[in-house]
Amino acid sequence: MTYAQDISRCLEETIGSGGIGRDALDAALEKTGPVLDGLRARHEDGTLPLLRLPGRSDDLETCRQAVETLLRGARDVVVFGTGGSSLGGQALVQLAGWRTPGPAALPGAEERYLHFFDNLDGPSLQAALKRFDLKTTRFIVISKSGNTPETLVQTLAALEALKAAGLEWNLAQHLLAVTEPGDGERNALRRLMTYHDVPVLEHDPKIGGRYSVLSAVGVLPALVAGLDVEALRMGAADVLAPILEGHPPGNVAPAVGAAVNLALAEERDVNAVVMMPYADRLRLFSSWFVQLWAESLGKNGGGSLPVAAAGPVDQHSILQLFLDGPADKLFNIVSWPSAGEGPRVPAELRNDSLVGYLAGRAVGDLTDCQQRATAETLARRGRPVRVIALERLDERSLGALLMHFMLETIIMGGLMGVDPFDQPAVEESKVLTREYLAMM
Ligand SMILES: O=P(O)(O)OC[C@H]1O[C@H](O)[C@H](O)[C@@H](O)[C@@H]1O
């Protein structure tokens, strides 16, 4: 396994009354049994294609070719898409160093820059389209439905800018889209792309946006960033295997995680879940998790509030509240073997009265100790903490982490009796937005 899950500090026997009893955990775990059976059945009959993705590689070649073509002569790659059509890709490419402090270019021989426009904002879009050298700019447009107005408006603006720059004759070189199959009757993005002869990759209609990170939706940006996408899928397969092999729930890490969540909610009124990785390269993983957990489980008056945090930086902002505020949260600390990593403080400073304690230590030594200290301090305060310790920080373990939380979320949906794949409530404001637009 590419990670170890430690839930000991979620238990009453370790942290006192803030934790759950073994009986409550066992009862919750037992409830996951039928949900796991259901997942196995859906893998078998193919009705949940997310579960088939880890075992597939046939589609990766298509993605690779599309990216290779798109990148010819490219300097800037812009990804349009929002929510599940963007956050997974962002979480993946951050592993390659994207949006970590330092130079903005992607690592690699050529100078290449990646930009995700996942929020709609007129002035920033206009300024960017003006500043990009459109001859060397490429657009990857991702929308499952093909009808999300944010993404459509961005794409239409980019098309106009490309035309104004005299590049209308070569739009197929500048754009690549991912959307559901269909004839364009109901899918505006597909119709637009077909009209302009832009290549389109298929988005499986049965893989919802927030579960699509392992599909072309995440794979395309990952390939642009030079990541090993096969390893990503392998990591996901590692997590899925115990479910498909019919292991008891206690041996299925995502089932254990879901059981802990359920028992803490029912027994200890826990209503928030904090995701706190100790790595710059996992900060956007937390953002991806927020959408996954919130949209999947926030239903019928239930669900717990996902909070994206990061260590050690948030020790200097929100940790006070975590330790001493309401005792209503589960903390997930994601660690990796950082000890020995990064620059080292000169050993000669060992006798310095103020920094001597850092002498000879690598930066990673400090973050490793901080991560352990935070987990332990929370536990000593009676706050439930789960530690997910990655064996390494690489594609395989990130694939595992992503799959773990997709499965944990789906299992949690089963335990709560909600459909983890829909988001009916948000549709209402979309309808109202259209009404307001019509009245303007
Ligand atoms: O991929 P799209 O169809 O454009 O959808 C993008 C996003 O927008 C919607 O509002 C949903 O709430 C999200 O679950 C979805 O990921």
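Keep in mind that the numbers below use all heavy atoms, side chains included, and drop hydrogens, waters and symmetry copies. We count residues from 1, following the sequence as given. Atoms within each ligand, like the ligands themselves, are counted from 1 in listed order.
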Enquirer: For atom 5 (O) of ligand 1, what's the nearest protein heavy-atom neighbour? Residue, atom name and distance, please.
Expert: Thr148 OG1, 3.5 Å

Enquirer: Does the side chain of Tyr211 pick up a donor-acceptor pair with the side chain of Ser296 at under 3.5 Å?
Expert: yes

Enquirer: Ligand 1 versus Lys144, non-hydrogen atoms closer than 4.0 Å: side chain, backbone, both, neither?
Expert: both

Enquirer: Go through ligand 1 atom by atom and flag the ones less than 4.0 Å from a non-hydrogen atom of Ser85.
Expert: 1 (O), 2 (P)

Enquirer: I'd like to know whether Arg281 forms a salt bridge (charged side-chain N to carboxylate O under 4.0 Å, His left out) with Glu341, so could you lay out the CA-CA distance, the side-chain angles of the two residues, the decisive distance to 0.1 Å, and finally the verdict.
Expert: CA-CA 14 Å; Arg281 283 173 290 161; Glu341 298 283 340; over 6 Å; no

Enquirer: Give the residue and atom name of whichever protein heavy atom lies nearest to atom 10 (O) of ligand 1, and the separation in Å to one decimal.
Expert: Lys430 NZ, 2.8 Å

Enquirer: Any chance you could measure Leu50, atom CG, to Ile410, atom CD1, to the nearest 0.5 Å?
Expert: 5.0 Å

Enquirer: Run the numbers on Asp59 and Thr62 for side chain to side chain donor-acceptor pair (under 3.5 Å), then give the verdict.
Expert: CA-CA 6 Å; Asp59 55 326; Thr62 314; over 6 Å; no

Enquirer: Give the atom numbers and elements of ligand 1 that come within less than 4.0 Å of a heavy atom of Gln291.
Expert: 13 (C), 14 (O), 16 (O)

Enquirer: Can you tell me if Ser287 and Gln90 form a side-chain donor-acceptor pair at under 3.5 Å?
Expert: no

Enquirer: List the steps and the verdict of side chain to side chain donor-acceptor pair (under 3.5 Å) for Glu180 and Asn187.
Expert: CA-CA 8 Å; Glu180 286 179 337; Asn187 182 326; 5.1 Å; no

Enquirer: Is Thr151 close to ligand 1, meaning an N/O of one under 3.5 Å from an N/O of the other?
Expert: no

Enquirer: Out of Thr82, Ile142, Val217, Asn147, indicate the one that has the non-hydrogen atom closest to atom 7 (C) of ligand 1.
Expert: Thr82

Enquirer: Should you measure from each heavy atom of Val426, which atoms of ligand 1 turn up under 4.0 Å away?
Expert: 12 (O)

Enquirer: Considering only the protein, which heavy-atom contact is closest to atom 16 (O) of ligand 1, and what is its distance?
Expert: Gly84 N, 2.8 Å

Enquirer: Hey, could you give me the CG/CG distance between Leu282 and Leu393, rounded to the nearest 0.5 Å?
Expert: 5.0 Å

Enquirer: Count the heavy atoms of every other residue, nucleotide or ligand shown that sit under 6.0 Å from CZ of Arg191, and state whether that count exceeds 12.
Expert: no

Enquirer: If you count the atoms of ligand 1 from 1 in the order shown, which ones are under 4.0 Å from a heavy atom of Arg210?
Expert: 14 (O)

Enquirer: Using a 4.0 Å heavy-atom cut-off, which part of His203 comes near ligand 1: side chain, backbone, both, or neither?
Expert: neither

Enquirer: Taking the ring centre of each residue, are Phe116 and Trp98 less than 6.0 Å apart?
Expert: yes

Enquirer: Among all protein heavy atoms, pick the one closest to atom 13 (C) of ligand 1 and tell me residue, atom and distance.
Expert: Glu295 OE1, 3.4 Å

Enquirer: With nothing but distance in play, are any N or O atoms of Gly146 less than 3.5 Å from an N or O of ligand 1?
Expert: no

